[in-house]
Structure formats: C-alpha cells, structure tokens
Amino acid sequence: TTVLPEDTGEVLTFGDTGDAIAISGDSLNLNVLQDAGGNNLITSDGAGNLTINSGFGGAMNLLTTNTFTGTTTSNFTTLLDSTYDVYKFVYNAINPALLTGGYFVFNGSIDGGSNYNVNKTTSFFYARHDEADTTSTLAYNSTYDGNSITGYQYLAPSIGGGADECAVGELYLFTPSNTTYVKQYYATSNAILDNDFTYQSIIGGFFSTASAINAISFKMETGNMDGEIKMYGISKS
C-alpha cells in the first residue's frame with residue numbers, strides 16, 4: 001500500500017510535535033533521512049553506501065578505497081579538502097613485488113597530483129623482534145627520517161615479498177586545506193621483513209608549506225605492489 005499526500009510536492013506528516021512514531025512488524029525504506037529543517041542526516045546511494053552528516057561527532061567516514069594488484073603507485077587526488085580537519089589512510093596487505101624487501105613510502109602534492117615533491121621533515125622510530133627470539137631492538141633510525149626533503153618519506157622498510165608477508169598501518173594527516181600552518185602527520189606501521197622480523201615503525205613530521213595539500217601518493221620505492229588503502233575523513237565535532 002502506498003500512502004501519498006493530497007497534492008504532489010506536499011509533505012506527508014505523521015504525528016505532531018513531541019509524538020513518537022512506532023513502526024512495527026516491517027521496515028522503513030528510504031535513501032535520505034532528513035531533520036525538520038530539511039537537512040540530510042543520513043544519505044544512501046541505494047546500495048548500502050552511506051554518507052553521514054558531519055554533525056554526528058566523532059564519525060570516521062569512509063571516503064574511498066584503492067585496491068590494487070601489480071601497480072607502481074596508489075594516489076588519492078580527490079576528496080582531500082576542507083570538509084574534514086583530519087584525514088586517515090589505512091593501508092592493508094601491502095605486498096611488494098621484490099622478494100628481497102620493498103620500501104613503502106608516501107608523499108604529498110599541492111597541485112592536485114601533478115607533482116609529489118612537497119618539502120617535509122620527519123622523525124623515525126622503530127621496534128623489531130625476530131622469529132628466532134635472538135634480537136630485540138627499540139631505537140631511532142636516522143636512515144629513514146628526513147630533514148627538509150622533497151622526496152618520498154619512508155613508512156615501512158624492507159617488507160618481505162613472500163606470499164605470506166606484507167605491511168599494514170595507518171597515516172593521519174591534519175588540516176591539509178589550511179593555508180596558514182604547516183601540515184602535520186604521523187603514522188604507525190608494522191611489517192614482516194624479508195629476514196623474518198616483525199618491524200614496527202612510528203613516524204611523525206610535517207609538510208613545510210603554507211599551501212593546501214590536496215593529493216597524497218603511496219608507492220614502493222622500487223617495483224610494483226599489491227594491497228589496499230582506505231581513505232577516511234574524521235568529522236569535525
């Protein structure tokens with residue numbers, strides 16, 4: 001049964017202010033849920049993919065997913081704007097083509113991805129432990145940090161390229177659209193190295209530019225890679 005308002009374009013109102021509407025024994029099917037002011041609270045594309053109003057505080061909103069096999073780079077050239085103050089990239093099952101170890105790196109762009117060469121300064125700490133229980137290390141690594149570099153920054157070094165080896169982690173980027181301050185970031189990764197070590201890396205740094213960062217690139221320093229990277233926006237309130 002379909003219930004319609006008397007005239008086309010009118011609003012069909014159930015109940016009055018302060019009333020509760022109960023729906024029993026069935027479901028309410030709709031693609032857009034609005035408030036009394038006509039503002040979209042939850043929007044669906046009809047296939048289960050939702051857009052949540054940023055007024056819902058603390059929401060982590062999935063913006064896009066890059067899934068790749070045998071590719072050189074995974075770039076995000078859209079959706080990085082002033083909508084959110086914090087963006088989160090989650091990388092999973094990053095497997096390099098090089099069996100002897102691949103270096104997973106990232107960089108930023110201020111021209112929509114035409115160039116990835118933003119000046120940056122980064123620190124790099126790591127902890128490692130091997131399967132044989134012979135070596136444990138917690139230290140700073142000056143090989144993988146950066147001092148006003150424009151090249152790609154290391155996230156996870158020496159990843160094993162075996163069928164059961166990969167790297168995982170997450171990168172946070174703060175206020176990329178701000179045109180006053182530098183753009184800060186930090187990342188935590190864990191990798192199975194080509195010598196059977198578990199290797200956790202923790203980096204922190206900043207893009208030294210007042211221009212907006214509007215694209216991010218991930219790649220292996222050499223060779224191709226398989227994996228998946230998800231981009232999230234974290235609501236402002």
Side-chain angles (χ1 to χ4, degrees), residues 39-41 43 45 49-68 71-92 94 103-125 144-156 167-189 201-221 225 227-237:
N39 302 295
N40 292 357
L41 301 179
T43 303
D45 64 358
N49 300 306
L50 302 181
T51 300
I52 310 297
N53 188 293
S54 60
F56 288 94
M60 191 168 73
N61 308 289
L62 177 60
L63 303 180
T64 188
T65 301
N66 285 1
T67 303
F68 41 87
T71 190
T72 55
T73 60
S74 176
N75 298 335
F76 294 82
T77 58
T78 61
L79 303 174
L80 197 61
D81 51 34
S82 60
T83 303
Y84 303 98
D85 285 340
V86 182
Y87 287 84
K88 178 181 179 180
F89 298 88
V90 177
Y91 38 98
N92 187 36
I94 305 299
Y103 291 75
F104 188 55
V105 296
F106 84 102
N107 210 335
S109 172
I110 61 174
D111 53 19
S114 295
N115 298 280
Y116 292 99
N117 56 2
V118 183
N119 185 290
K120 69 189 72 64
T121 295
T122 304
S123 61
F124 191 107
F125 291 86
Y144 302 136
D145 66 6
N147 177 25
S148 296
I149 63 170
T150 57
Y152 279 68
Q153 168 61 44
Y154 292 101
L155 287 171
V168 300
E170 54 188 22
L171 166 70
Y172 286 85
L173 175 63
F174 297 84
T175 58
S177 65
N178 186 284
T179 54
T180 300
Y181 302 109
V182 299
K183 317 306 179 292
Q184 300 190 61
Y185 54 80
Y186 67 84
T188 302
S189 307
S201 55
I202 302 172
I203 75 162
F206 58 87
F207 290 109
S208 184
T209 178
S211 299
I213 299 294
N214 52 24
I216 292 290
S217 175
F218 297 88
K219 69 175 186 177
M220 303 305 300
E221 188 174 48
M225 62 181 179
E228 178 185 84
I229 306 176
K230 292 182 178 292
M231 176 182 175
Y232 296 86
I234 298 178
S235 297
K236 294 184 177 181
S237 61

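Computed from heavy atoms alone, side chains included, the values below leave out hydrogens, waters and symmetry copies. Small disclaimer: the values here were computed from a predicted structure and weren't measured. Each residue takes its place number in the sequence, starting with 1.
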Asker: Should Tyr91 and Leu155 count as side-chain neighbours, where that means a heavy-atom distance under 4.5 Å?
Answerer: yes
Asker: Is any side-chain heavy atom of Lys230 closer than 4.5 Å to one of Asn92?
Answerer: no
Asker: What I'd like to find out is whether the side chain of Phe68 reaches to under 4.5 Å of the side chain of Ile229, using heavy atoms alone.
Answerer: yes
Asker: Considering non-hydrogen atoms only, spot the tightest contact between Asn66 and Ser74 and give its length.
Answerer: ND2-OG, 3.0 Å
Asker: Check the pair Tyr232 / Val90 against side chain to side chain contact (heavy atoms under 4.5 Å, CB included), numbers first and verdict last.
Answerer: CA-CA 8 Å; Tyr232 296 86; Val90 177; 3.8 Å; yes
Asker: Verify, without hydrogens or angle tests, whether Asn107 (side chain) and Thr150 (backbone) share a donor-acceptor contact under 3.5 angstrom.
Answerer: yes
Asker: Does the plane of the ring in Tyr172 sit parallel, tilted or perpendicular to the ring in Phe174? Use 30° and 60° as the thresholds.
Answerer: parallel
Asker: Is a donor on one side and an acceptor on the other found under 3.5 Å between the side chain of Thr175 and the backbone of Asp85?
Answerer: no
Asker: Of all the heavy-atom pairs spanning Ser189 and Ala156, show the shortest one and how long it is.
Answerer: CB-CB, 4.2 Å
Asker: Go through Tyr84 and Leu63 one step at a time and tell me if the side chain to side chain contact (heavy atoms under 4.5 Å, CB included) criterion holds.
Answerer: CA-CA 11 Å; Tyr84 303 98; Leu63 303 180; 3.9 Å; yes
Asker: Residues in side chain to side chain contact (heavy atoms under 4.5 Å, CB included) with Asn75, at least two apart?
Answerer: Thr73, Thr77, Tyr116, Ser217
Asker: Decide side chain to side chain contact (heavy atoms under 4.5 Å, CB included) for Tyr185 and Thr122; before the verdict, give the C-alpha distance in whole Å, the side-chain angles of both, and the deciding distance to 0.1 Å.
Answerer: CA-CA 9 Å; Tyr185 54 80; Thr122 304; 2.4 Å; yes
Asker: Quick check: does any side chain N or O of Lys183 sit under 3.5 Å from a backbone N or O of Leu173, one acting as donor and the other as acceptor?
Answerer: no
Asker: Between the side chain of Thr121 and the main-chain N/O of Ser148, is any donor-acceptor distance below 3.5 Å?
Answerer: yes
Asker: If you take all heavy atoms of Ser109 and Asp111, which pair is closest and at what distance?
Answerer: OG-OD1, 2.6 Å
Asker: Does a side-chain heavy-atom distance below 4.5 Å link Asn214 with Pro176?
Answerer: no
Asker: With a 6.0 Å cut-off on the ring centroids, do Phe76 and Phe89 count as close?
Answerer: yes
Asker: For the residue pair Phe106 and Phe207, does the interplanar ring angle fall in the parallel (under 30°), tilted (30 to 60°) or perpendicular (over 60°) class?
Answerer: perpendicular
Asker: Tyr87 side chain to Asp81 main-chain N or O, any donor-acceptor pair under 3.5 Å?
Answerer: yes
Asker: Specify the closest pair of heavy atoms between Tyr144 and Gln153, including all atoms of both residues, with the distance to one decimal.
Answerer: O-NE2, 2.8 Å
Asker: Using the salt bridge (charged side-chain N to carboxylate O under 4.0 Å, His left out) rule, collect all pairs that involve residues 170-182, keeping only residues at least two apart or in two chains.
Answerer: Lys88-Glu170
Asker: State, yes or no, whether a side-chain contact exists between Thr209 and Val182 at a heavy-atom distance under 4.5 Å.
Answerer: no
Asker: Looking just at side-chain N and O atoms, do Ser235 and Asn61 make a donor-acceptor pair shorter than 3.5 Å?
Answerer: yes
Asker: Go through the steps for Met231 and Thr64 under the test side chain to side chain contact (heavy atoms under 4.5 Å, CB included), then give the verdict.
Answerer: CA-CA 5 Å; Met231 176 182 175; Thr64 188; 3.9 Å; yes
Asker: What are the two closest heavy atoms between Ala215 and Gly112, and how far apart are they?
Answerer: CB-C, 3.8 Å
Asker: Once you round to the nearest 0.5 Å, how far does CE of Met225 lie from CZ of Phe104?
Answerer: 5.5 Å
